Amino acid sequence: MTESLKKGIIRRKKTEEPLLQSKQDWEDTFDTITDMTIIQDKDFNIMRANKAARQILGLPSLEINKVIKCHDNHHGKDYQRNYETLKKGVPAIFEFFEPNLNMYFEIRAIPRFNSNNQFIGLIHIIRDITERKRFEEKIQLQLKRLNVLRDVEKAVSSSIDLHFTLDSLLNQVTSQIGIDAATVLLLNQQTQMLEHVVSRGFRSSALRYTQLRLGESNAGLAAVERRIVTIPNLTEEPDGFVRSKLFNNEDFITYFAAPLIAKGQIKGVLELFHRAPLEANPEWLEFLETVADQAAIAIDNATLFEKLQRSNLELTLAYDTTIEGWSRAMDMRDKETEGHTQRVTEMTLRIAQEMGIKEEEFVHIRRGALLHDMGKLGVPDNILLKPGSLTEEEWGIMKRHPQLAYEMLYPIEYLRPALDIPYCHHEKWDGTGYPKGLKGEEIPLTARIFAVVDVMDALHSDRPYRPAWSKETIFEHIRSLAGIHFDSKVVEVFLKMEW
Ligand code: C2E
Ligand code: SIN
Ligand code: SIN
Ligand code: FE
Ligand code: FE
């Protein structure tokens, strides 16, 4: 080797050393990033993957060059749609399921350009969002189940209504068969008293208050002896009635009491009254028995129905427990907002009461308030929990949360009346809100109330992007937005109350 050649090599090494050092620095830094980070060329070839990406995604060593191709359809339509805009320099965020790993990832794709402004590829920053996705899936499943249960309930409730059934039965007996008046007494299983449920053809309504002990009066006798009691001429023996005074102006002559028996149990008594003599031949008595059987079956079904209704009430309670659970879980995700949902719910109800909203709406207001930010489940962590202010693109995603809530909750019938708050709580009085830009009283009152409360509570809590405000500052802020962001009437009521 000549002297000059040796010198040349040494010189080269000297100039390479800082380069090598900076390469080492770069690689160390790259590998230290805890988010999986992948560098791709414009054809989606993976050029480099940092340590986290290699470990979690099982990608080969640091410098892969050409080896792995990331198919552009691999991430679905979302990605393809984004690709054109990515090439123009707009970063994209999308979610991605990796079936082999059974994991969900959130991928942030950041486009790269060379000094001539040519698109040269992408950096992917990938975060594991499996836990959040599983939670979302669980909620979706619960939503579906609630729906199925609701359908069952609807089918049951449309099938039988005792009053309706018995009323049409009496209608048949009176108008079709030509009996002047009829009534059904039901045996109250708790008190063992016969109580009036429906009647037809009476001149007075006093009968509605009938309550007879078993064995008492002719109806009681029919029940206890389980046989039809017939009185051919009431004018000759009126004493069999506890209610005889009530019948003074009725001019009844013929009377029948038929026991209503289903599955061997006394359900009640059917009584017929006629203002003319009526011969009780065997055919007539047989017919009466058939009618009584029908009535007994209807009552039996209806009792079953009532039991179902009762367990349905329990079901509703179970739904509400589910809703409270969701809302707590949502608060937990957005750690800083812990307790926010419960607080705004109570506050909204207080103002609603003060403003004279009907009690029967409260249950919907409560559910709506508990679920108001349900749509934030669709907002990725890096936006929801971002410590700084949002970019235009992130804000676009954030603003979808009322619409998302609407889409999630609308299919559940019993939550439909509760949609106003989740859907309209970011509308503003002057029409500059979202999602629809509703104005003034176009915005449902409950949402107008909720908007004040939501802002009050949001400002009173620390957020990742700012510390809590003092109460005085908040009240001042809300007062200044009356008639702009908020309904002035709501603000007035709000400021008068004690918080
Ligand atoms: P949120 O935190 O529950 O806030 C609800 C509403 O309270 C906001 O609706 C806004 O009207 C009011 N509010 C909350 N914080 C502030 C504040 O610092 N200053 C003022 N003047 N008002 C405030 P908005 O603006 O439609 O925001 C909806 C949601 O978007 C917020 O719910 C929050 O989750 C998110 N968000 C809003 N701004 C930012 C931000 O700068 N950074 C991050 N990471 N998220 C934000
Ligand atoms: C990638 O998705 O970026 C690479 C891995 C693959 O396509 O399977
Ligand atoms: C990527 O697309 O950057 C890698 C994600 C993957 O294929 O798992
Ligand atoms: Fe919201
Ligand atoms: Fe909120």
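Note that ligands are numbered from 1 as they come in the structure, with each ligand's atoms numbered from 1 the same way. Nothing here was measured: the structure is a model prediction, and the numbers come from that model. Sequence positions, counted from 1, serve as the residue numbers for this chain.
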(request) Tell me which N, O or S atom of H425 sits nearest to the Fe ion (ligand 4). (result) NE2

(request) Write the atom name of the N, O or S atom in D373 that is nearest the Fe ion (ligand 4). (result) OD1

Output the list of atoms in ligand 1 that are nearer than 4.0 Å to some heavy atom of [X], sorted by atom number.
X: I383; result: 44 (N)
X: A458; result: 4 (O), 5 (C), 7 (O), 14 (C)
X: D454; result: 5 (C)
X: L459; result: 15 (N), 16 (C), 17 (C), 19 (N), 20 (C), 22 (N), 23 (C)
X: R463; result: 1 (P), 2 (O), 3 (O)

(request) Examine the proximity of ligand 1 to K386 and report which part, side chain or backbone, both or neither, has a heavy atom under 4.0 Å away. (result) both

Closest to [atom] (judged by heavy-atom distance), picking from [options]:
atom: atom 6 (C) of ligand 1; options: V455, T391, D457; value: V455
atom: atom 37 (C) of ligand 1; options: W395, F486, W469, Y434; value: W395
atom: atom 35 (C) of ligand 1; options: H425, E394, M398; value: M398

(request) Examine all N, O or S atoms of H372, backbone included, and report whether one is under 2.8 Å from the Fe ion (ligand 4). (result) no

With the threshold set at under 4.0 angstrom, would you say [X] reaches ligand 1 through any of its heavy atoms?
X: K376; result: yes
X: G388; result: yes
X: L385; result: no
X: H477; result: yes

(message) In terms of relative ring orientation, are H426 and Y434 parallel, tilted or perpendicular, with 30° and 60° separating the classes?
(response) parallel

(request) Please name the pair of heavy atoms, one in E106 and one in D381, separated by the smallest distance, quoted to 0.1 Å. (result) OE1-N, 4.1 Å

For atom [atom1] of [X], decide whether the heavy atoms of other residues, nucleotides or ligands shown that lie under 6.0 angstrom number more than 12.
X: E131; atom1: CD; result: no
X: K436; atom1: NZ; result: no
X: F113; atom1: CZ; result: yes

(message) Before you tell me yes or no, could you show the steps for E136 and Y104 under side-chain hydrogen bond (donor to acceptor under 3.5 Å, both in side chains), namely the whole-Å CA-CA distance, both residues' side-chain angles and the distance that decides it to 0.1 Å?
(response) CA-CA 12 Å; E136 271 179 54; Y104 285 93; over 6 Å; no

(message) If you apply the rule salt bridge (charged side-chain N to carboxylate O under 4.0 Å, His left out), what do you find for K496 with E354, and how did you get there?
(response) CA-CA 10 Å; K496 265 195 216 137; E354 194 70 24; over 6 Å; no

(message) Would S389 count as being in polar contact with ligand 1, using the rule that some N or O on each side must be under 3.5 angstrom apart?
(response) no

(message) Just to verify, what does E442 make a salt bridge (Lys or Arg N to Asp or Glu O under 4.0 Å) with, not counting sequence neighbours?
(response) none

(request) Go through E361 and R366 one step at a time and tell me if the salt bridge (charged side-chain N to carboxylate O under 4.0 Å, His left out) criterion holds. (result) CA-CA 9 Å; E361 282 196 44; R366 169 173 212 96; over 6 Å; no

(message) Taking the side chain as everything from C-beta on, heavy atoms only, tell me whether V379 gets closer than 4.5 Å to E394.
(response) no

(message) What I'd like to find out is whether the side chain of V184 reaches to under 4.5 Å of the side chain of L260, using heavy atoms alone.
(response) yes

